[in-house]
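See structure below.
If you're wondering where the values come from, they're calculated on a predicted model, not measured in any experiment. Throughout, a chain's letter reflects where its sequence line sits, starting with A, and its residues are numbered from 1.
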Amino acid sequence: MEWQSLPVPLSQLRLALVLPSGQSFRWRAAGNQFSFCLHDRVVVVRQDAEKLYYRTILPDPQPSPLELPLRTAETTLWINDYFHLGVDLAALYTEWQKRDQFFASISTRFSGIRILRQDPFENLISFICSSNNNITRITKMVNALCTNFAPRLLSEDGVDYHPFPTPQALASPSVEKTLRDLGFGYRAKFIQKTAQMLVETHGDDAQKFLAGLRTTPTDVAREELLKFMGVGRKVADCVLLMSLDKNEVVPVDTHVYQVAVKHYGLKGSSSKPNMTPKLYADINTRLASIWGEWAGWAQSVLFASDLKAFSSYDASANAAETLPTPPPTPALKRKNDSDEVESTPSRRRKRT
DNA sequence: CAACGACCTGATAA
DNA sequence: ATTATCAGGTCGT
């Protein structure tokens with residue numbers, strides 16, 4: 001299917017910083033493109049300085065020429081919704097820069113970072129995986145969920161695409177052991193229990209229930225999320241911000257904690273995080289008052305700036321191949337570092 | 001109610 | 001080489 005496009009400058013959205021930075025763990029990077037599997041289609045995106053390009057891949061049988069415009073229109077709607085394209089990010093940056101000197105000091109290097117509007121169930125399960133964990137392993141776990149608990153939708157360029165599993169698919173008691181065997185550790189039980197609870201209390205309307213929290217007051221929605229196994233304050237806040245439209249919520253993770261003590265004079269009572277509910281609330285309300293109504297969005301900029309993976313990121317390099325910086329930290333170990341040729345040979349070159 | 005240790009795993013640092 | 005620490009925390013006591 002043909003490429004479509006929307007006029008979106010890099011100041012409004014920078015895919016290279018938003019998609020791999022730990023909001024969604026399911027975007028597949030290949031060169032300068034990213035692909036993502038929805039329940040009924042795969043969406044591929046890329047961008048240049050002025051435009052966001054996107055393409056739809058549908059499973060067989062392909063739709064008739066008459067149906068095609070409808071399908072592409074659906075993708076356009078999804079793109080606008082998922083990327084919150086109605087939100088003027090550049091205006092928000094200007095506001096945060098006025099309010100906050102430290103934000104201003106990093107915002108040039110890290111422009112175009114915005115909050116995605118994710119599917120609530122995927123968001124919830126993904127962030128249950130995130131506890132006391134790192135982005136590389138979370139990504140592997142989320143992919144394992146898809147390949148093991150959702151049927152393959154289609155294959156493209158030798159890659160199998162699976163959507164995110166349904167709550168029903170993860171609710172069976174047998175799921176826990178399967179997840180343990182897949183290396184999920186203690187999170188195996190949390191995931192199965194959360195899915196089971198969702199299905200038991202809401203049946204086929206489980207997804208609708210979660211989506212309904214979008215129009216529920218923040219505090220009430222948070223209480224609902226905290227009922228799930230493996231969901232504490234931090235994960236609940238991530239879901240509130242990233243899929244339930246609570247733009248003011250500031251999740252306080254280890255990164256934000258570090259930044260808060262270093263640049264905002266929050267007291268780190270000891271050398272170890274020692275994150276008490278009180279300290280969490282202090283940091284949360286403090287940052288919210290500094291940044292304002294869209295504080296959660298500002299948080300995502302700080303978070304990305306503190307990621308080691310982006311420590312050598314150069315915002316002025318629009319075309320990735322013009323980046324002169326030689327092989328930087330070995331800590332950054334991308335799956336696909338081949339920026340041009342993607343001939344899909346046998347991957348897994350982990351030879352020692 | 002606050003504090004504290006246990007918890008799966010895999011990748012770096014020490 | 002072996003051990004300690006860290007990674008977008010939460011749970012049970």
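Legend: residues meeting salt bridge (charged side-chain N to carboxylate O under 4.0 Å, His left out) with A:Arg180, ordered by chain and number and at least two apart, are absent. Every side-chain contact (heavy atoms from CB on, under 4.5 Å) that A:Lys177 has, sequence neighbours left out, goes to A:Asp181. By the side-chain contact (heavy atoms from CB on, under 4.5 Å) test, A:Glu224 is found to be paired with A:Phe209, A:Leu213, A:Lys227, residues two or more places apart in sequence or in another chain being considered. With sequence neighbours excluded, no residue satisfies ring pair (Phe, Tyr, Trp, His ring centres under 6.0 Å) with A:Phe184. Take A:Arg117 and apply the salt bridge (charged side-chain N to carboxylate O under 4.0 Å, His left out) test, not counting sequence neighbours, and it matches A:Asp81, A:Asp245. The salt bridge (charged side-chain N to carboxylate O under 4.0 Å, His left out) search around A:Asp88 returns none, not counting sequence neighbours. Under the salt bridge (charged side-chain N to carboxylate O under 4.0 Å, His left out) criterion, A:Lys208 pairs with A:Asp205, not counting sequence neighbours.
Separating the P atom of B:dC8 from that of C:dT13 is a span of 14 Å, rounded to the nearest Å. C:dA4 sits 14 Å from B:dA6 when the P atoms are compared, rounded to a whole Å. Here the separation of C:dG12 from B:dA2, taken at their C1' atoms, is 14 Å to the nearest Å. When the C1' atom is compared between B:dC7 and C:dT5, the two are found 15 Å apart, to the nearest whole Å. One P atom belongs to C:dC6, the other to B:dG5, and the distance between them is 15 Å to the nearest Å.
Sorted pairs that involve residues 136-160 of chain A and meet ring-ring contact (aromatic ring centres under 6.0 Å, His included), not counting sequence neighbours, are lacking altogether.
Of the charged side-chain nitrogens involved, at least one lies within less than 4.0 Å of a carboxylate oxygen, so that A:Glu74 and A:Arg41 count as a salt-bridged pair. Salt-bridge formation is detected for the pair A:Arg222/A:Asp219: a Lys NZ or Arg NE/NH1/NH2 atom is positioned less than 4.0 Å from an Asp or Glu carboxylate oxygen.
Taking every side-chain heavy atom of A:Lys140 into account, B:dA11 is the closest of B:dA11, C:dG8, C:dG9. Counting only heavy atoms from C-beta on, A:Thr276 has its side chain closest to B:dA3 among C:dG9, C:dG8, B:dA3.
If you measure from atom CG of A:Asn132 to atom P of C:dT10, you get 10 Å, rounded to the nearest angstrom. Going from atom NZ of A:Lys193 over to atom P of C:dG12 covers 11 Å, rounded to whole Å. Per the geometry, CE belonging to A:Met141 stands 13 Å off P belonging to C:dG9, to the nearest Å. Taking atom CG on A:Leu279 and atom P on B:dA2, their separation rounds to 13 Å, with Å as the unit. The nearest whole Å value for the distance from the CD1 atom in A:Ile191 to the P atom in C:dC11 is 13 Å. Distance A:Ile135 CD1 to C:dC6 C1': 13 Å, rounded to the nearest Å. The distance from atom CZ of A:Phe190 to atom C1' of B:dA6 is 11 Å, rounded to the nearest whole Å. Atom CE of A:Met275 and atom P of C:dG8 are 14 Å apart (whole Å).
Distances shorter than 4.0 Å separate none of the side-chain N or O atoms of A:Thr136 from OP1 or OP2 on C:dA7.
With hydrogens and angles left out, the side chain of A:Arg187 and the base of B:dC7 share no donor-acceptor pair within 3.5 Å. If you check distances only, the side chain of A:Tyr186 does reach the base of C:dG9 with a donor-acceptor pair under 3.5 Å.
The structure places SG of A:Cys37 at 6.0 Å from CG of A:Leu154, a figure rounded to the nearest 0.5 Å. Atom-to-atom distance recorded for A:Tyr54:OH and A:Glu2:CD is 13.0 Å, nearest 0.5 angstrom.
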Atom pairs under 3.5 Å, N or O on each side, protein against nucleotides 3-5 of chain C: can you list them with distances?
none

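In DNA chain B, consecutive stretches of 3 or more Watson-Crick or G-U wobble pairs with both distances under 3.5 Å are given as paired ranges: B:3-7 with C:9-13, B:9-14 with C:2-7.
Residues of residues 217-234 of chain A having a heavy atom closer than 4.0 Å to DNA chain C, listed by number: A:Phe228, A:Met229, A:Gly230, A:Val231, A:Gly232, A:Arg233, A:Lys234. Using a 4.0 Å cut-off on heavy atoms, none of the residues of residues 285-297 of chain A approach DNA chain C.
Side chains of A:Tyr280 and A:Asp237: a donor-acceptor N/O pair is present below 3.5 angstrom, by distance only. At a cut-off of 3.5 Å, with distance as the only test, no side-chain donor of A:Arg71 or A:Thr56 sits close to an acceptor on the other residue.
Residue-level contact check: A:Val252 touches neither bases nor backbone, having no heavy atom under 4.0 Å from any strand. If you check every strand for non-hydrogen atoms under 4.0 Å, A:Met242 touches a base. As judged by a 4.0 angstrom heavy-atom cut-off over every strand, A:Ser126 is placed among residues making no nucleic acid contact. Residue A:Pro277 is out of contact with every strand shown, counting any heavy-atom pair closer than 4.0 Å. Backbone-only engagement by A:Arg180 is indicated by non-hydrogen atom pairs under 4.0 Å involving sugar-phosphate atoms exclusively.
When atom types are taken as modelled, the side chain of A:Gln118 and the backbone of A:Gln23 share a donor-acceptor pair closer than 3.5 angstrom.
Remark: aromatic rings of A:Phe310 and A:Phe303 are distant, center separation not under 6.0 Å.
Ring-base stacking between A:Phe303 and C:dG8 is satisfied, the centre separation being under 5.5 Å and the plane angle under 30°.
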